[in-house]
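The structure appears below as C-alpha cells.
Below, all heavy atoms of this structure are taken into account, side chains as well, without hydrogens, waters or symmetry copies. Each chain gets a letter, A, B and so on, in the order its sequence line appears, and its residues count up from 1.
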Amino acid sequence: MNSYNPAKLEPKWQKVWQSKKIFAARENANKQKKYVLVEFPYPSGAGLHMGHLRPYVAGDVYSRYLRMRGFEVMYPIGWDAFGLPAENYAIKMGVHPSITTKKNVANAKKQMLSWGLSFDWAREINTTDPEYYKWTQWLFLQFYKKGLAYEATGLINWCPKDKTGLANEEVVDGRCERCGTEVVQKELRQWYLKITAYAEKLLAGLGQLPEWPEAVKKSQENWIGKSVGAEISFEVISAGTDKAKTNFLILHGRNGSSSSHAFPWLRKSLEAKGYKVQVPDLPNAGEPNDLEQADYVAKNCKIDENTVIVGHSFGGTVALRLLEKGVRVKKVFLLCTPFSGKFLDNKIRKSVTEACKKGFDFKRIKANASAFGLLYDTTDYVVPMQDGESFSEKLGAQLVKIKGNEPHLSGAQEPEVLGKILPSLKVFTTRPDTIYGATYMVVAPEHPVIADNQNNIENFKEVKKYVEAAKKKKEMERSAEGKAKTGVQLKGLKAVNPATGQEIPVWVADYVLWGYGTGAIMAVPAHDQRDFEFAAKYQLPVQCVVEPVENPEQELEDIRQGKKCYAGQGKVVNSDVFDGLSTAEAVGKMGEAFGRLTTQYKLRDWVFSRQRYWGEPIPLIHCEDCGVVPVPDKDLPVKLPPVKKYEPTGTGESPLAAIKKWVKTTCPKCKQVAWRETNTMPQWAGSSWYWLRYADPKNKSKFADLKKLKYWQPVDVYFGGMEHTTLHLLYSRFWNLFLYDQGLVTEKEPYKKRQPHGIVLAADGEKMSKSRGNVVDPQVIVKKHGADTLRMYEMFLGPHELMVSWNDQGVVGVRRFLDRVWQWAEELSENTKPQNTSPKAEKLLHRLVKKVGEDIEAFRFNTAISAFMEFHKEIKAEPISLGAAQSFLKLLYPFAPHLSEELYQRLGGKKMLQQEAWPEFNAALLVDNETELVVQVNGKVRGKLIVGAGEEESAVKSKALELPAVKQALVQDSVKRVIYIKGRLINLVI
RNA sequence: GCCCAGGUGGCGGAACUGGUAUACGCUACAGACUUAAAAUCUGUCGCCCGCAAGGGAUUGAGGGUUCGAUUCCCUCCCUGGGCACCA
C-alpha cells in the first residue's frame, strides 16, 4: 500500500490538468454559463499570501463544483501590475519595473499552480502589457470624448512620500492609503473623471443588486452621500455705505432695447432693493457698432467707480469697449457675450462678428474693473459656451454656467441672473423649512466672499489670520479637536434673510466645509446642533421656527425660548404664511419660494492622474492651436518610453516630462509641434474594466467583442475583500455604467453577486505582517502538508465572510482527515471482492450529497468540511461499494482535488473528476422511519424515546408517561397540555 | 455621534423555519502499540455540587413574548468594520 504523498502526486495532477486544458472556458451556446471572478493580484516581490489564498480557493471550489453541475464556467486570472512597489524598486536599484513585474508574475503563477487553482490560463491578462493598456487608454478616450474626463487646477490630495496626487477614496484618516504618509493639499493641474455625473445612477444601481451584501451597498451609499434640499441665495451688503453707492448700468444687445428681454424686470427688482439703475436705449440696435454705442454710453450715462455694468450679449462687447476707453467701474458682468464671432445656429451676424474680429485689449480692460462675472446659458443656441471659456481664460474670471428661463438668457424674468449680479451668498440646505430661523450665516475659510470683500471687511486682519490658521490645520487635527467650534465674524458685511428681510451677520468658521455644498450655510441654531453650539459660544440669536408635535410641555417651552436645540420634524411656527405646515410639506414649499430644490452628493470627481512613471500614459496631446487633442485610435497604445531616472520630480510633474524626445510630438489635427500629456493613470485604471477583457483577451481590434461579452456578462459571483468597497468596486461600476450607456457592454451592473471574505489574521489575532514576524507562508504549508490540506484548512477555519485566525496547530486536523481518507480508499482499492454499501452508509452518503451541495452554493465551506469528517468517521467501518466510494470522492474533489483525483483513478474512475457529473441524492433516502424523540416536562429534557416517524400523539404520550424520570416529575401534578412535534420532541406541560 | 456586522467551552467554531446548545477540529489528559520517543489507534474532556447515580445554572448583561429562545422583541455593555462638523 502506498502512503499519502502530496508532494509527489499534486504536481503530477497539476500537469495533467494543464495539458488536458480541462479548465478552458468556451462560448458554448448549449450550456448555461457561469462567470466566477476573483480580484486579480498585484504581483509583489513578497509573493502571494494567505489573504490571496482565501478568495482564490473559494472561487476554485465553486468553479469546480459548477463545472460538475454542467455549467460552462469561466474562472480567469491576471495581473494588476502597474503600481508603486515595482517603481520604487526601480528607483532604488535601477531595474526597469517591467523586469521586476515579469519576475514576480512568474513566481506568483508558480504559487497559484501549486495550489491547484483551476484558472483558465489561456485568458491570462496583464494590465502592463501594451496590448492591454492600449484598451485602457482607448476607454479613457471614450470618457474624454463624452466630456467626462476633464482637466482642472485645484486643491488636491498630495502624498509627499509617493510624490503624486491621490483620489479622495485613497485618503484614509488624512493619510495616504498606500504608504500611510500624511496627505497635504496642493494646488495642481490634474485630470479628473466625472464620476459625479454618475452619482445618481451608481446609487440607483445598488437597488438592482439583491445579491450584494447590505454592508457593501450601505457603504457605497454613504460614500455617494446623497442629500435632497434647496439652494438659496442670500444677498450680501456691506454695512451702510456700499448699498447706496452701488449703481447698475444695463446694456442690451443686438436687436434689444430698454423694454425688451428681462431688462424691465431686472430694473424693477434692483430698484426695489434700493439700487440706482440705468438702462439706456443704444443707437442702431439692429446693426450695432460697438465703438459707436460705447461712445454713446460714455456721453449719456453716469458712470463711476461704484458702477456695475451688466452687458447682455453684444451689450457685453460694448461694456468691454468702454473699459478700453479708460472708463473705470466696479464690476462687469458679461451675459452670453460673443468672443469668437461664430454662432451655434450658423447664422450671419455681420456687425457682431466684425466687432469680435477686432479683438480686445485685455490688459487695459482688466485694469479698469476690479472684478468680472461671466454668465453663460447652457441652453444657448447662439453664443457657444466656448466663448465664455475664452473670456474666462483672458480675464482670469470664473465662468458660471446657468440655465436661463429662455435660451440665451432672453426670458422676461431671469432670476438666476439677478441672483448672480447682486453680491450674494448661495447656501445649500436640507432644511429650507427652517429658513425663518436663520439668524446668521457661516462661510468656509476658503470661500471667495472673504477675498472679494477685502475692503469691506472691517476686521480683515483678524479674519485673514483665522483663515490662514484654518488652512494649516490638517484634516486630522480638525476632527481631533472634536466638536469645539471656532470662528470669526466678518464685520462690515451683512446678509439679508430672503424670508424675513432681516439683516444677519456673516461669520467664517471651519466647521463649514468648502468641499461640500456651496461652502456656505444659513445657520439655524434653533434646529441644528452644530449651529446651536456655535451660537451659544458666540451669543448669536436663536429663533425657534419648528415645534415638535409630540414632546412634553416642559421641553417644548425650552425649545420655544431657544434654550434647547430641536433638529427633528414637527410643525412650522413663526414663519409668516407658512405657519402650521408640517416640516415635510414646508421643505418643498419654502425651498421653491426662496430658492430652488436641488440635490447634493458627497461624492467628488475622481482625480485620475498620477505624477509617476509606472502607469498607463494618458493618451492626449497638447497643441497650442488645437488645444487638447486625443491620440488617434490608430496610434494607440501610447507606450511608456524607456527612461534613465524613475524618480518623480516632486514638483507635480511626472518623470515622463523629462523625456523631451518622447514629450515632443506632432498634433494629430494640424501636424504642428505639440506635447504629450505626461501624467499617467492611477492604479485603479486597469482594474476598472479587466473583467470585460477576460471575455475576449486576445482581441486586437476591440477591447472585447460584444457577442462574447453578451455570453459572459455579468459576473455571476465576484469574490473579494471589503477594502475595495468604495474604491475598485465603485470605480468599476462607474466604468461599466458608462460603457453601458455607450452601448459597448450589455449589462448595466457588472457583478451580479459580491461575496466578501474575512481577512486571515495570524495565530496571535494580529494582522500578519513582516514586522510582527507572524506571517504564515502558504508555500511552507504546501511543502509540509500539500495543497489539499492548505486549501481545506483555509476553508475550515471559519465562515468565509468573517475574519479568522490562522492556527498552525489546527492544520494537522485536516491533514489527519486526508490521511484517513487515503488509507480507507487504498484499502478499498486493494479489496478485490466487490461489496455492497450498507443501508446506513447509503443513507449517510445521500445526506452528504445534499449537505455539501447546499453548503457550497451558500459558501458555507467550513460546515461542508465538518460534514465530510463526520461522514467519514461514521462509515469507515461500513461495507461500501466502489461506486459509493467514487461518489464520496466526487464530493471531496472541489476541496481536495489532487487527492480525490488520484484515489478516483485508483478506484477505477475512467474520466477526470472534473468531467464527471455531481452526484444526485435520493430524497426518499433522507427520511428516517424511526427517530429519537426528546421527552420534555415543562421544557426540560427528562428522557428519550425511539418512535416510528409517523407515530400519533396519544401513542407517544403514553410511552412518554412510562419513563421513570417523567413519572418522578409527575408525582404531584397532572399533565395540562401536550406539545408534540413529529420527529423532534414531546413536551408535557404540568 | 450615525450605519453595518458580531459576542456560544481552554482555543477556532456548529446549531434547519423558535424544538436535545456546545457538532467538527485543535489543545489537554489517560490507555494501546514501542526498549523509548514521534506517528497512529482507543477513550475522556464546558462550568458548579456529588464517590457515584443524579441534580443545578449556562450562549455578553438585564427584561419581555412563548409550552419551549443562541434564534423573535425592548434596553444596555463590549469587539470589529464603514462614515463622520456633509448643512
Mind calculating the distance between [atom1] ([X]) and [atom2] ([N]) to the nearest angstrom?
X	N	atom1	atom2	value
A:M722	B:G82	CE	C1'	8 Å
A:F817	B:G12	CZ	C1'	18 Å
A:I759	B:G6	CD1	C1'	14 Å
A:E221	B:A84	CD	C1'	16 Å
A:D528	B:C85	CG	C1'	9 Å
A:I865	B:C26	CD1	C1'	15 Å
A:R984	B:G19	CZ	C1'	7 Å
A:W822	B:U40	CH2	P	17 Å

When only distance counts, do a donor and an acceptor, one from the side chain of [X] and one from the base of [N], lie under 3.5 Å apart?
X	N	answer
A:R820	B:C41	no
A:N222	B:C83	no
A:K485	B:C85	yes

**Message:** Would A:M722 and A:R754 count as a side-chain contact (heavy atoms from CB on, under 4.5 Å) here? Give the steps.
**Reply:** CA-CA 10 Å; A:M722 255 343 238; A:R754 170 72 175 181; over 6 Å; no

Kindly check if the number of other-residue, nucleotide or ligand heavy atoms within 6.0 Å of [atom1] ([X]) is above 12?
X	atom1	result
A:K843	NZ	yes
A:K217	NZ	yes
A:K783	NZ	no

Both distances under 3.5 Å, Watson-Crick or G-U wobble: report the partner of [N], or none.
N	result
B:G19	B:C67
B:C33	none
B:C47	B:G56
B:G1	B:C83
B:C26	B:G10
B:A61	B:U75

**Prompt:** If anything within 90° of 0 is syn and all else is anti, what is B:G9?
**Reply:** syn

**Request:** On RNA chain B, check which nucleotide each of A:S805 and A:I979 is closest to and give me the residue with the more 5' one.
**Result:** A:S805

**Item:** 5′-ward residue of the pair A:G515/A:L802 relative to RNA chain B
**Value:** A:L802

Taking only the side-chain heavy atoms of [X] (C-beta and beyond), determine which of [options] contains the nearest atom.
X	options	result
A:R942	B:G55, B:A87, B:G25	B:G55
A:V812	B:C24, B:A87, B:C26	B:C26
A:V989	B:G19, B:C67, B:A87	B:C67
A:W223	B:C86, B:A84, B:G12	B:A84
A:K876	B:C26, B:G19, B:U42	B:U42
A:I981	B:A14, B:A87, B:G19	B:G19
A:R977	B:G19, B:C83, B:C67	B:C67
A:S866	B:C85, B:G82, B:A23	B:A23
A:V804	B:G13, B:G19, B:A87	B:G13
A:R530	B:C86, B:A84, B:U27	B:C86

Pick base, sugar-phosphate or nothing for [X], based on heavy-atom distances below 4.0 Å to the nucleic acid.
X	answer
A:Q809	sugar-phosphate
A:Q936	base
A:M522	nothing
A:K218	sugar-phosphate
A:P799	sugar-phosphate

For [N] versus [M], give the span between their [atom1] atoms, rounded off to a whole number of Å.
N	M	atom1	result
B:C83	B:C72	C1'	30 Å
B:C47	B:A39	C1'	34 Å
B:G31	B:G80	C1'	44 Å
B:G6	B:G13	P	13 Å
B:G25	B:G18	C1'	28 Å
B:U22	B:U59	C1'	9 Å
B:U66	B:G19	C1'	12 Å
B:U58	B:A21	P	12 Å

[X] side chain near [N] phosphate (N/O to OP1/OP2, under 4.0 Å):
X	N	value
A:R816	B:C26	yes
A:S219	B:C4	no
A:N862	B:A14	yes
A:K873	B:C24	yes

**For A:P505 against A:L540, the heavy-atom pair lying closest together** = CG-CD2, 4.1 Å

**Item:** Exercise: identify the closest heavy-atom pair between A:V545 and A:H527
**Value:** N-NE2, 2.9 Å

**Request:** Can you spot which of A:N497, A:I504, A:I521 makes a side-chain contact (heavy atoms from CB on, under 4.5 Å) with A:M441?
**Result:** A:I504

**Prompt:** Under 3.5 Å, is there a donor-acceptor pair between the side chain of A:R431 and the main chain of A:A567?
**Reply:** yes

**Request:** On the 0 to 90° scale, with breaks at 30° and 60°, tag the A:Y436-A:F594 ring pair as parallel, tilted or perpendicular.
**Result:** perpendicular

**Asked** Would you say the side chains of A:E39 and A:H724 form a donor-acceptor pair under 3.5 Å?
**Response** yes

